[in-house]
Amino acid sequence: MSFLENLKTSQKTCIVQDGRRKIHFIFKDKTELAEEYDLKTDVLLVRKWKKSGRLGGEGKWQFEVGEDLSPGSSLTEGLMESSTNPVFVRKDGKDVFQWRIRNLPYPLETYNVTVDNEQRTAIIRTTNKKYYKKFTIDDLDRHNLPLEQERIVLSHSNNTLIIKYKKPTEILQHEKCMQDEFKKMKDGDVGCNPS
Amino acid sequence: MAASAAQKVQEIREVTRIERIGAHSHIRGLGLDDALDARNVSQGMVGQVTARRAAGIILEMIKDGKIAGRACLIAGQPGTGKTAIAMGMAQALGQDTPFTAMAGSEIFSLEMSKTEALTQAFRKSIGVRIKEETEIIEGEVVEIQIDRPAAGTGAKVGKLTLKTTEMETIYDLGQKMIESLTKEKVQAGDIITIDKATGKITRLGRSFTRARDYDAMGPQTKFVQCPEGELQKRKEVVHTVSLHEIDVINSRTQGFLALFSGDTGEIKSEVREQINAKVAEWREEGKAEIVPGVLFIDEVHMLDIECFSYLNRALETDMAPVLIMATNRGITRIRGTNYQSPHGIPIDLLDRLLIIATTPYEEKEVKQILKIRCEEEDVEMSDDALTVLTRIGMETSLRYSIQIITSANLVCRKRKGAEVNVDDIKRVYALFLDESRSTQFLKEYQQEFMFNELGGDKEEMDVS
């Protein structure tokens, strides 16, 4: 079943809050998806997934877009990444996918981003061997589109590396179509039982 | 200065001995050879040759894992090694087979019904081996820095820098992590993996780039390549969880946190049915494997008739573990009834059991056990003292003489002696009464104790 059909058959709930349109999906396999869009610009701010674990029970929210700002119970006993480490966050624009990596002080020529179409990942390398990251572009995976090297643009400012990937036309069309659907939904609509 | 030295000593203690010495901590296995014949003295076991051989055969049955719901009963006088045999079986089964030990009286709780407690015990003894994805961190230690607070006490803080061939990351360390890093003696140049969920650290070896360091390294030092790519990886690992753990995870939303607090309460039967169906499905798809384990119920005569009839029924399901019970009672009343029965167990249940009998130890076996206990407790004892102690053990009980070891050692240390001698034993023997001397004393001086004026007509006490 394609992703679009999956979306259509899912149970949807929508609210407008704090200048954001928040939509919650529950798919047939009990996976949950929550999205938040800016009301004015219709830009995607947060997209997070929750799957139950292999043995059952509640899973944790996994952020695809945006970052977890809730003051989570940081395990003071164990191991935590130091706050001086690079932080990898996806933050989309209107017609680009965009990733921002904070706490990377090295100049622009240090970085090198390549795509690997076989494994469907993009890889960030640094010439000084300080940072390395493989990441997937889930939107492209869901529409079975190839990753294209030409679409990637890098820039660096304020200790932040910004990677932009121009959205293909298929994605833009899909997003527009989704927005139209969302606007048809009423606030607090669809299968939400007021308790 | 002295304070810091003392702290250091304490730290070393912490690392070397974590477990305390228990009554059966000298047991390392059943002490059988490949043909399942019991060696006379082996793995902490002494004597009881036939009983151990029988236990070995049961063990083979368990390891095969094909037979569900068999039960066996270890019966014998107090202090003849029933629990020791069960512990030996647990040790011989190894880490991966679930072994649940409980005492018969543990099921009587106000929070849970008796059958619920028994069901939970049953399900704790069935393992499911399943593949799960976990996040691990794998890299070479560049630097490890632990800051002790100036005051000497309080929480330590630390930093750990790890790298792969491509990247480097700094981690903040908490108290627990610092402890396990020091326990594993991790230092710069080591390649380690850390399981993110459990915090378990494994040392894989030293980095090849450090091969030229003239450190004091043993011949067993292994050199490995520095890992490539990202520090954090997702890896499939196989681990064993018990059915009870899966029940708890699924029984409520905050799920597995209840596992740590121990407050699991009763679990609905619908949840259990769902889990059973799920596990059966995984098994058919080849995703999971059932590992039947062992449930050991000590003092089984403390169970009542309801529990026994529940056991009868529960042993017939195909998910049942192998049940091992132990009792020291002869023909006695079945709890909850007025019927007498051997071992206080109804005949219909007895009929399903394989019964292993233990016999009292002989003198030289007692001596051997006492010797093993002395080693386990780090007590030096002269040969004369050991002979005297053996005599005490034969005349009173094995447990009493084992208790004397520790106290005699304390007496010896107070007089600054190097090894425990006969006088120390005599001294302790005079200080502490054993059961028969205590009875004797009571018989003589009963008149002077309280409530005696009411007249002690009722001779028999209700003990069941």
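Only this structure's heavy atoms are used, side chains among them; waters, hydrogens and symmetry mates stay out. Residue numbers start from 1 in every chain, and the chains themselves are labelled A, B, ... in the order their sequence lines are given, proteins ahead of strands.
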Which atoms of B:Gln274 approach chain A - backbone, side chain, both or neither, heavy atom under 4.5 Å: neither
Enclosure of B:Lys233 NZ (heavy-atom neighbours >12, cutoff 6.0 Å): yes
For B:Met167 against A:Tyr132, the heavy-atom pair lying closest together: SD-O, 3.3 Å
Crowding at NZ, A:Lys48 (>12 non-hydrogen neighbours, <6.0 Å): yes
For the student: nearest non-hydrogen atoms of B:Thr165 and A:Lys129, plus distance: O-CD, 3.2 Å
Other residues, nucleotides, ligands: >12 heavy atoms within 6.0 Å of A:Asn158 CG: no
Part of B:Ile194 within contact of chain A (heavy atom distance under 4.5 Å): side chain
For chain A, the option from B:Val128, B:Ile246, B:Ile130 that forms the most heavy-atom pairs under 4.5 Å: B:Ile130
Under 4.5 Å from a heavy atom of chain A, the part of B:Leu231 involved: neither
Neighbour count above 12 (heavy atom, 6.0 Å) for B:Glu236 CD: yes
Over 12 foreign heavy atoms within 6.0 Å of CZ, B:Arg129: yes
Residue B:Val279 versus chain A: region with a heavy atom under 4.5 Å: neither
Euclidean distance, B:Leu160 CG relative to A:Ser82 OG, rounded to 0.5 Å: 11.0 Å
Any donor-acceptor pair under 3.5 Å from A:Asn85 side chain to B:Ile170 backbone: yes
Within 6.0 angstrom of B:Glu228 CD, more than 12 heavy atoms from elsewhere: no
Heavy-atom neighbours of A:Lys164 NZ exceed 12 at 6.0 Å: no
Atom pair CD/NZ of B:Glu166 and A:Lys133 - distance to nearest 0.5 Å: 14.5 Å
